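Model, not experiment: these values are computed from the prediction.
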Amino acid sequence: MHGRNTGLTRFAELSGPADARQLYSAGSVYPENTEWPDGDTRFRVGRLRRRDAVPDSEWGAVWSTMRILADLHGDEGVRLVVWFDN
């Protein structure tokens, strides 16, 4: 890594977003699989799906409950808010 830069900071330097919203929504600004090589590191725009981040084995009961609530109240009537406290 370059000095004190975090991965996100380095990505911002390489991709050159006009503002922070573009940086955090790179998937909407750049086509999927757009890449920026940086030495041994490669930054790539890709989609992270829920199943990639939160395995069903740990959250399956939550998803089932949300499906039931969505059936009762409609998709737009169901939201999940989560707080992680380390």
Q. Do you know which two heavy atoms are closest between Ala70 and Asp75, and how far apart they sit?
A. CB-OD1, 3.4 Å
Q. Can you name the closest pair of heavy atoms from Pro37 and Arg42 and give their distance?
A. CB-NH1, 3.9 Å
Q | Path from Val62 to Val82 over hydrophobic side-chain contacts below 4.5 Å | A | yes
Q.
Using the rule that Ile, Leu, Val, Met, Phe, Trp and Tyr join whenever any side-chain heavy atoms are under 4.5 Å apart, tell me whether Leu80 and Ile68 fall into a single cluster.
A. no
Q.
Can you tell me if Glu32 has over 12 outside heavy atoms packed within less than 6.0 Å of its CD?
A. yes
Q. Does the pair Phe43 and Ser15 meet the rule for a side chain to side chain contact (heavy atoms under 4.5 Å, CB included), with working shown?
A. CA-CA 9 Å; Phe43 295 91; Ser15 64; over 6 Å; no
Q. Which heavy-atom pair separates Leu14 from Trp36 by the least distance, and what is that distance?
A. O-CD1, 3.6 Å
